[in-house]
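These numbers were taken from a predicted model, which means no experiment stands behind them.
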Amino acid sequence: MATETAGQPQTTGPAATAPARTPEVRPMRADARRNYERLLTEARTAFTEHGTDTSLEDIARRAGVGIGTLYRHFPNRTALMGAVFQGEVDALLTHARELADAPQPCAALVEWLRAIITHATTYRGLSRALMTASADDSSGMARCSVPMREAGGALLTRAQQAGAVRPDVSIGDLMQLTNGIALAVEESPDDPKLADRLLTLTLRGLKGDNH
């Protein structure tokens with residue numbers, strides 16, 4: 001029902017219900033931000049030195065905070081891993097954009113896959129985590145794997161359109177294969193040429209019949 005107050009029409013009843021307001025996201029307090037950054041720094045160091053299965057309690061201790069503080073910022077190990085590896089993912093996404101117009105689409109795709117292997121083997125356990133995350137978009141590592149699949153998919157499509165890669169190759173299978181190579185390289189540190197040999201075999205399997 002319409003009423004009038006001070007010369008302005010107003011609506012009462014259900015139609016007067018105010019629209020829902022989007023909750024405001026509060027910025028992180030300065031001390032919380034410092035704790036967050038210290039945890040990322042110590043986690044990055046620990047993952048590099050000891051692998052991704054390193055003790056979260058040790059990471060918290062090295063950062064000078066309690067384990068409860070770690071879990072408030074990162075509810076589980078994969079969430080912490082996703083935050084730590086975000087820098088590497090950003091670099092790989094940038095590289096994919098740089099290769100988007102490369103004159104040889106298949107060579108560009110292989111170059112990007114080689115870069116993934118190089119980054120993944122920096123942290124022992126990362127390739128295995130990425131393989132697991134590819135099947136679970138709700139994982140804390142999905143923030144890494146999802147944009148990587150999208151970037152790789154664009155390079156793969158371009159190579160397929162050029163006839164350099166078989167049309168039945170999917171980006172999901174290709175990423176799993178790449179992470180598998182990274183895992184093999186991680187387990188064979190005394191064979192520096194293993195990644196190139198396995199990528200060469202992969203390329204032979206990817207190529208179309210006319211290449």
Side-chain angles (χ1 to χ4, degrees), residues 43-54 78 81-82 84-136 139 141-211:
R44 186 173 289 107
T45 299
F47 289 165
T48 301
E49 294 176 352
H50 307 296
T52 58
D53 59 351
T54 191
T78 54
M81 290 168 61
V84 167
F85 304 140
Q86 190 61 53
E88 282 76 10
V89 171
D90 290 343
L92 288 167
L93 296 179
T94 297
H95 193 33
R97 289 191 291 270
E98 294 169 348
L99 293 170
D101 297 319
Q104 296 181 313
C106 188
L109 175 63
V110 173
E111 179 180 335
W112 191 68
L113 298 179
R114 183 178 287 108
I116 291 177
I117 293 170
T118 299
H119 281 274
T121 53
T122 302
Y123 303 97
R124 182 163 49 84
L126 174 56
S127 52
R128 190 184 304 277
L130 287 170
M131 291 178 75
T132 302
S134 67
D136 182 8
S139 162
M141 286 292 290
R143 63 186 295 180
C144 298
S145 62
V146 171
M148 292 274 285
R149 285 203 304 269
E150 293 173 352
L155 293 175
L156 173 61
T157 297
R158 189 165 177 263
Q160 289 171 324
Q161 291 173 342
V165 175
R166 300 200 327 260
D168 60 336
V169 176
S170 73
I171 187 58
D173 288 347
L174 185 56
M175 294 298 289
Q176 287 289 68
L177 182 59
T178 302
N179 288 323
I181 293 175
L183 182 59
V185 171
E186 178 185 306
E187 297 296 327
S188 305
D190 297 329
D191 189 352
K193 296 184 178 180
L194 178 61
D196 283 334
R197 293 202 309 274
L198 294 179
L199 275 174
T200 298
L201 290 174
T202 300
L203 179 59
R204 290 173 181 169
L206 291 177
K207 283 187 175 181
D209 294 336
N210 60 334
H211 282 72

Asks: Near Gln86 CD, under 6.0 Å, is it more than 12 heavy atoms from other residues, nucleotides or ligands?
Replies: yes

Asks: Output the distance between atom CD1 (Ile171) and atom CZ (Arg149), rounded to the nearest 0.5 Å.
Replies: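 Rounded to the nearest 0.5 Å, the CD1-CZ separation comes to 9.0 Å.
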
Asks: Could you tell me which non-hydrogen atom of Gly152 sits nearest to which non-hydrogen atom of Leu109, and how far apart they are?
Replies: O-CD1, 4.3 Å

Asks: Return the set of residues passing side-chain hydrogen bond (donor to acceptor under 3.5 Å, both in side chains) with Glu88 (not counting sequence neighbours), or none when no residue passes.
Replies: Tyr123

Asks: Extract all donor-acceptor atom pairs below 3.5 Å that involve side chains of residues 46-54 and protein atoms in other chains or at least two apart in sequence.
Replies:
{"from": "Thr48", "atom 1": "OG1", "to": "Arg44", "atom 2": "O", "distance (Å)": "2.8"}
{"from": "Thr52", "atom 1": "OG1", "to": "Arg124", "atom 2": "O", "distance (Å)": "3.4"}

Asks: List the atom of Ala108, the atom of Leu99, and the distance in Å for their closest heavy-atom pair.
Replies: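 Taking every non-hydrogen atom into account, O-CD1, 3.4 Å.
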
Asks: Only pairs at least two apart or in different chains count here, so list each salt bridge (charged side-chain N to carboxylate O under 4.0 Å, His left out) that has a residue in residues 171-195.
Replies: Asp191-Arg197

Asks: Roughly how far apart are Trp112 CH2 and Thr178 OG1, rounded to 0.5 Å?
Replies: 8.0 Å

Asks: Using the side-chain hydrogen bond (donor to acceptor under 3.5 Å, both in side chains) criterion, which residues pair with Thr94? Sequence neighbours excluded.
Replies: Arg97

Asks: Considering residues at least two apart in sequence or located in another chain, which fulfil the side-chain contact (heavy atoms from CB on, under 4.5 Å) criterion with Leu203?
Replies: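 For Leu203 the side-chain contact (heavy atoms from CB on, under 4.5 Å) partners, ignoring immediate neighbours, are Cys106, Val110, Lys207.
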
Asks: Please tabulate, for the side chains in residues 155-162, all donor-acceptor contacts under 3.5 angstrom to protein atoms that are two or more places apart in sequence or on a different chain.
Replies:
{"from": "Thr157", "atom 1": "OG1", "to": "Gly153", "atom 2": "O", "distance (Å)": "2.9"}
{"from": "Arg158", "atom 1": "NE", "to": "Ala100", "atom 2": "O", "distance (Å)": "3.1"}
{"from": "Arg158", "atom 1": "NH1", "to": "Ala100", "atom 2": "O", "distance (Å)": "3.4"}
{"from": "Arg158", "atom 1": "NH1", "to": "Ala102", "atom 2": "O", "distance (Å)": "2.8"}
{"from": "Arg158", "atom 1": "NH2", "to": "Ala102", "atom 2": "O", "distance (Å)": "2.6"}
{"from": "Gln160", "atom 1": "NE2", "to": "Arg166", "atom 2": "O", "distance (Å)": "3.1"}
{"from": "Gln160", "atom 1": "NE2", "to": "Val169", "atom 2": "O", "distance (Å)": "2.9"}

Asks: So, do Leu113 and Ile117 sit near enough that their side-chain heavy atoms are less than 4.5 Å apart?
Replies: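 The answer is no; the side chains never approach within 4.5 Å.
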
Asks: Tell me every residue that passes side-chain hydrogen bond (donor to acceptor under 3.5 Å, both in side chains) with His95, counting only those two or more places apart in sequence or in another chain.
Replies: Glu98, Glu111

Asks: Taking all non-hydrogen atoms of both residues into account, name the closest pair between Thr121 and Ala182 and its distance.
Replies: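 Where Thr121 meets Ala182 most closely, the heavy atoms are CG2-O, 3.5 Å.
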
Asks: Only counting residues at least two apart or in another chain, list the ones meeting side-chain hydrogen bond (donor to acceptor under 3.5 Å, both in side chains) with Asp196.
Replies: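 If we apply the side-chain hydrogen bond (donor to acceptor under 3.5 Å, both in side chains) test to Asp196, skipping adjacent residues, the hits are Arg114.
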
Asks: Please identify each residue that fulfils side-chain contact (heavy atoms from CB on, under 4.5 Å) with Ala91, with sequence neighbours left out.
Replies: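 side-chain contact (heavy atoms from CB on, under 4.5 Å) check on Ala91 returns His119.
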
